[in-house]
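Shown next, in structure tokens, is the structure this report addresses.
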2 protein chains.
Amino acid sequence: MTADRREAINQYIQSRGEVRLKELEQRYTDVSSMTLRRDLEFLERQGRIVRIRGGAKSLAHLSMLKEAAYTQRQVANTDAKLVIADKAIRLLSPGRSVYIDSGTTCMCFAQRLPDQNLFVLTPAPNIALELVKNANVKINLTGGQLNRETLTLSGFNAIEYVKALNIDLAFVAASAFSLPNGFTCGDYFEAELKRLIIRKARQVVILMDASKLNSNMPYTFARLQNIYALVSDILLPDEYQKAARQAHVLLL
Amino acid sequence: MTADRREAINQYIQSRGEVRLKELEQRYTDVSSMTLRRDLEFLERQGRIVRIRGGAKSLAHLSMLKEAAYTQRQVANTDAKLVIADKAIRLLSPGRSVYIDSGTTCMCFAQRLPDQNLFVLTPAPNIALELVKNANVKINLTGGQLNRETLTLSGFNAIEYVKALNIDLAFVAASAFSLPNGFTCGDYFEAELKRLIIRKARQVVILMDASKLNSNMPYTFARLQNIYALVSDILLPDEYQKAARQAHVLLL
DNA sequence: CAAAAGATGTTAACAATTAACATCTGACAT
DNA sequence: ATGTCAGATGTTAATTGTTAACATCTTTTG
């Protein structure tokens, strides 16, 4: 069916960010390349992708790049972030009240979020906008002052809002982790918010790719014993596994 | 100078949304098309544009399209909104504390906002992200629940935040205006927020294109006598002008 | 001032896109 | 069942845009 194929192609582009016509030709040997071109043309008219020479790109992916350009940050380790996001998704269930932190890892997570009945609180306006496409998700932003580096809201208003809400499950990103200092980040106000979230949430899940291991940032916001699960892209080295076991932390 | 040309090309693309190589060739007759290609390549590497066959597109423009696609809304009356935005910009001065409402008119306004020392409060996450590029603007979001139709935050947290801040100048969008009912909008919570803003702000400026005249939405949030100025794309019909004069409203 | 790095121009080979037309397929009315 | 129609698909040639490689010019830097 035409519509199905187009949907599948769109999915593929959204998840990979980009596709070459060659790839599609290999994937869909039963239709001609002209048909695939027409599919891309169709999706472009829908405003879901942009065609580039030799293929097409996802708009969502492009806006992530745009943010990266603004914040002078590159989207590093995309594969790792996808792995983490997919593992973390499994911890969800419908009807929950969840907190989704800011950062590119959490953005990946948000993009993968199934469209089920959820209450979401986030301090990241870009993540909030990403979630608009999930019709069943109630989206709440903390409010506060926007840090243009991290695209994160923080400050007294954020704090007040979090205090007033109940969170089942908090997905929190960490900029760095080491055994002596625990989970750390680089902004005082963001650390303050994270600490509050971690105190208030029933279960805390840290999302962190392995490149953050054994490094430190100025502000500690959590230790192993404060969290429920730690989701990473690879199996952690032995010493970390041991520490996690001692602290009864689920490793994913 | 190379950098200047590239900057100019980028500006051009950002303002028009898209450019053909042909256009650039006509505009820059003193350099070869290969150089212009390389300029586009450069800008693409910076993540500011995407190259498409025969030219390039602005990322910012693409994300607007994306939003439009999500919200099923078309960006109508773009020209009118640009006229309004440019008129409204003149009311600004550095150091002010301003409120910028949600909606496409306000988005245009935000895109045109000069990069000067300003404190901005907005209930629109997309506008907040747009302002990230203005390094001198302090961006504050109200927080609250996100309405996925209007991309507007509202609710108790938004209200609390606004109560706590002082606003010099509020730029408020109106969905409809009629003499009997005044300025109206379609969402109860958004009307509530607008009313509060209008009470608290020192000066209130309504941004509204002429297509909204003589129509009504369920919730009235202001009357002519509550506002300082009304910015529209064209000269209003006589009866409105007369009413505005009586209420001492500046018409722009 | 010379060397190096960067920007620009020219060309030819290459690759992707378009347009036009032919063909197929499924839905629908008869 | 059959004819008809619209939309989807396939094929090809002509067009157009892109890349790569190299030569030349300009600017920066030691």
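Every value quoted in this text rests on a predicted model; they were computed, and no experiment measured them. Chain letters run A, B, ... following the sequence lines, proteins first and then strands; every chain starts at 1.
Between dT18(D) and Arg53(B), no contact under 4.0 Å exists linking OP1 or OP2 to a side-chain N or O. Not one side-chain nitrogen or oxygen of Ser32(A) sits closer than 4.0 Å to the OP1 or OP2 atom of dT9(D).
Nucleic acid contact for Arg51(B): sugar-phosphate only, since backbone atoms but no base atoms lie under 4.0 Å from a heavy atom of the residue. At a threshold of 4.0 angstrom between heavy atoms, the contacts of Arg20(A) with the nucleic acid are absent.
Computed from coordinates, the Ile52(A) CD1 to dT16(D) P distance equals 22 Å when rounded to whole Å. Taking atom CD of Glu23(B) as the reference point, atom P of dG17(D) lies 13 Å away to the nearest angstrom. In this structure, the CG atom of Leu36(B) is 15 Å from the C1' atom of dT10(C), given to the nearest Å. As a whole-Å value, the separation of Met34(A) CE from dC24(C) P is 18 Å. Per the geometry, OH belonging to Tyr28(A) stands 16 Å off P belonging to dA8(D), to the nearest Å. The nearest whole Å value for the distance from the CG atom in Asp39(A) to the P atom in dA8(D) is 10 Å. Residue Phe42(B) contributes atom CZ, which lies 20 Å from atom C1' of dT18(D) at whole-angstrom precision. Here dT15(D) presents its P atom at 14 Å from NZ of Lys22(B), a figure rounded to the nearest Å.
Contact between Asp187(A) and Asn147(A) at its shortest, heavy atoms only, is OD2-ND2, 3.3 Å.
A cation-pi arrangement is not found for Lys212(B) relative to Phe177(B), the charged atom failing to lie both closer than 6.0 Å to the ring centre and inside a 45° cone about the ring normal.
At a cut-off of 3.5 Å, with distance as the only test, no side-chain donor of Tyr12(A) or Asn10(A) sits close to an acceptor on the other residue. Under the 3.5 Å distance criterion, with hydrogens and angles disregarded, no donor-acceptor pair is assigned to the side chains of Asn117(B) and Asn136(B).
In this structure, Arg38(B) and Glu41(A) both approach DNA chain C, and ranking their closest nucleotides by distance from the 5' end singles out Arg38(B).
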